[in-house]
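Have a look at the structure below before the remarks.
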Amino acid sequence: MGTMGEHGDVASGLTLSPLQEKALEAVLIQLAAKSSAGLVLLATRTGHYISMRGTQKHVDGAALASLVAADLAASTQITALVDASEVHTMILREGERTTLLIAEAGPALVLLVVASRDVPLGWIRMLVQGAAQRMAEITRPAPGRPMPALAAVMPGGEFADLVGQAIDDLWNE
Amino acid sequence: MYINYARREITVKVVYYGPALGGKTTNLIQIHDHVADGSRSELISLKTAEDRTLFFDFLELQLGKIGGLAPRAQLYTVPGQARYEASRRLVLRGADGVVFVGDSQPERQQDNLESWRDMARHLASYGFEAQGFPIIVQLNKRDLPGAVPLEHFRRTLGLNGEAPIFEAVALDGRGVRESLRAVMERVVVRLRREISASAA
């Protein structure tokens, strides 16, 4: 942490420009439609929720994003312990009614797809791989990709006090 | 940290760290219980059969609109038991701030110190120094008879005299909001500093 990349990304996290967000949404919508998924969720590798699509409603996206990122992180560590030379980019879970896929989408993102078992697994896997590649490309820092100045978005020096006040306001005794 | 320009969202990650049974999960339960449904997520707990934290607890707070922005705070705990070191390191990944929850019982002071060192080591592995990183120290269980004096705890952790220590009785909610507020303010100050440095 502590440095800002030349394209607006903070080293510790992910910064999405409006253009990037729009492009990611388009990939997500296409993936949900083609896979007939009940749920497609996009999060950062550190568990921040980005977006969610699909027919399944009333899902707590923030909580789900934290679990999906944790699942991928744990699996990555399992791989490292078992065979450090191997790289697994996808986790598959098969249930009686649904298939669940968690996939890396570049170094910053993770993708969850929950689809019916009626949809062929090979088809879903192919769609997820394609979507993950496109998402990785969209979020890859590249020269010439403009990012609004962060200072223009973030309020001034009183912001910390306002955040503290907001916490006090949320608190019900 | 995650910043979405289009939605004007800034999401930061705060991790509650500390020795086993020190009160990290209790902090999150209190926050969950004191914040209305519409301003927080569900409390997620990955627990063992013995009701101990296995991987982490998670809670997200939505702080409303501030200066046209929608800040969010994602709160995690780590599992305190020694054997879960790998899990603690994973949870700490991407953290923007830490609340270190220490235990006031005299017999837990060595555990406090080991956990503090464990945290510093993991932060260092991600390229952060404990000094300069937004860390709030909370000393919990202040209501217990025989609770160690603040200065004793300060010496145990090697904290200088200026570092604030938030006294808490997390079971009653005392000190929980104050600790959360303090860490969030520090996280935001650091964020502003980074932004200013990058703009210079």
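Only this structure's heavy atoms are used, side chains among them; waters, hydrogens and symmetry mates stay out. Residue numbers begin at 1 in each chain, while the letters A, B, ... track the order of the sequences. In this text the structure is predicted, and so the values were computed from the model without any measurement.
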**Q.** Heavy-atom contacts under 4.5 Å, residues 63-73 of chain A to chain B
**A.** A/Ala63, A/Ser66, A/Leu67, A/Ala70, A/Ala73

Q: Rounded to the nearest 0.5 Å, what's the gap from CD on A/Gln165 to CG on B/Leu63? Could you check?
A: 12.0 Å

Q. Between B/Glu178 and chain A, which part of the residue has a heavy atom less than 4.5 Å away: side chain, backbone, both or neither?
A. neither

Q. Do you reckon A/Val40 sits in the same ILVMFWY cluster as A/Met90, going by side-chain contacts under 4.5 Å, direct or chained?
A. yes

Q. Should the heavy atoms of other residues, nucleotides or ligands under 6.0 Å from CD of B/Glu107 be counted, would the total exceed 12?
A. yes

Q | Common cluster, B/Leu139/B/Leu159, ILVMFWY with side-chain heavy-atom separation under 4.5 Å | A | yes

Q. If we only count heavy atoms from C-beta on, is the B/Thr11 to A/Tyr49 side-chain gap below 4.5 Å?
A. no

Q. Given that the side chain runs from C-beta out, which part of B/Leu180 has a heavy atom under 4.5 Å from chain A: side chain, backbone, both or neither?
A. both

Q. Does the side chain of A/Val163 reach to within under 4.5 Å of the side chain of B/Glu185, using non-hydrogen atoms?
A. no

Q. Would a hydrophobic clustering, with Ile, Leu, Val, Met, Phe, Trp and Tyr connected at side-chain separations under 4.5 Å, put B/Phe128 with B/Val78?
A. yes

Q. Contact part of B/Val12 toward chain A, heavy-atom cut-off under 4.5 Å: side chain, backbone, both or neither?
A. backbone

Q) Under a 4.5 Å side-chain heavy-atom rule over Ile, Leu, Val, Met, Phe, Trp and Tyr, are B/Phe133 and B/Leu90 clustered together? A) yes

Q | Nearest atoms (heavy-atom pairs only) where B/Val189 meets A/Ala160 | A | CG2-CB, 3.8 Å

Q: Go through the atoms of B/Phe55 and report whether side chain, backbone, both or neither lie under 4.5 Å from a heavy atom of chain A.
A: side chain

Q. Among A/Leu19, A/Thr15, A/Leu16, which one satisfies side-chain contact (heavy atoms from CB on, under 4.5 Å) with B/Tyr5?
A. A/Thr15

Q) Looking at A/Ala62 and B/Ser41, what are the two nearest heavy atoms and their distance? A) CB-CB, 4.3 Å

Q) If we ignore angles and hydrogens, is there a donor and acceptor under 3.5 Å between the side chains of B/Gln74 and A/His48? A) yes

Q | Side chain / backbone / both / neither for B/Ile44 at chain A, heavy atoms under 4.5 Å | A | side chain

Q. Given that the side chain runs from C-beta out, which part of A/Asp169 has a heavy atom under 4.5 Å from chain B: side chain, backbone, both or neither?
A. neither

**Q.** OG1 on A/Thr46 to CG on B/Asp96, rounded to 0.5 Å
**A.** 8.0 Å

Q. Is it the side chain or the backbone of A/Ala74 that comes within 4.5 Å of chain B heavy atoms, both, or neither?
A. both

Q. Is there a donor-acceptor pair under 3.5 Å between the side chain of A/Asp60 and the backbone N or O of B/Glu42?
A. yes

**Q.** Part of B/Ala36 lying under 4.5 Å from any heavy atom of chain A
**A.** both

Q) What's the shortest heavy-atom distance between A/Ile167 and B/Arg181, and which atoms? A) CD1-CA, 3.9 Å

Q: Please step through side chain to side chain contact (heavy atoms under 4.5 Å, CB included) for the pair B/Val35 and A/Asn172, ending with a clear verdict.
A: CA-CA 6 Å; B/Val35 174; A/Asn172 300 313; 5.7 Å; no

**Q.** CZ-CD1 distance between A/Phe159 and B/Ile10, expressed to the nearest 0.5 angstrom
**A.** 5.5 Å

Q. Highest number of heavy-atom pairs under 4.5 Å with chain A: which of B/Arg177, B/Arg89, B/Arg186?
A. B/Arg177

Q: Nearest 0.5 Å please: distance from the OH atom of B/Tyr2 over to the CG atom of A/Leu14.
A: 6.5 Å

(Q) Please say yes or no: joined through hydrophobic side-chain contacts below 4.5 Å, possibly via intermediate residues, are A/Ile91 and B/Leu46 part of one cluster? (A) no

**Q.** Atom CD of A/Glu96 with >12 non-hydrogen neighbours under 6.0 angstrom
**A.** no

Q | Residue part contacting chain A, namely of B/Ile31, when any heavy atom lies under 4.5 Å | A | both

Q) Does anything in residues 73-105 of chain B pair up under ring-ring contact (aromatic ring centres under 6.0 Å, His included), and if so which pairs, sequence neighbours excluded? A) B/Phe56-B/Tyr76, B/Phe58-B/Tyr76, B/Phe100-B/Trp116

Q. More than 12 non-hydrogen atoms from neighbouring residues, nucleotides or ligands closer than 6.0 Å to CZ on A/Arg93, yes or no?
A. no

Q) To the nearest 0.5 Å, how far apart are CD1 in A/Ile50 and CZ in B/Arg7? A) 8.5 Å

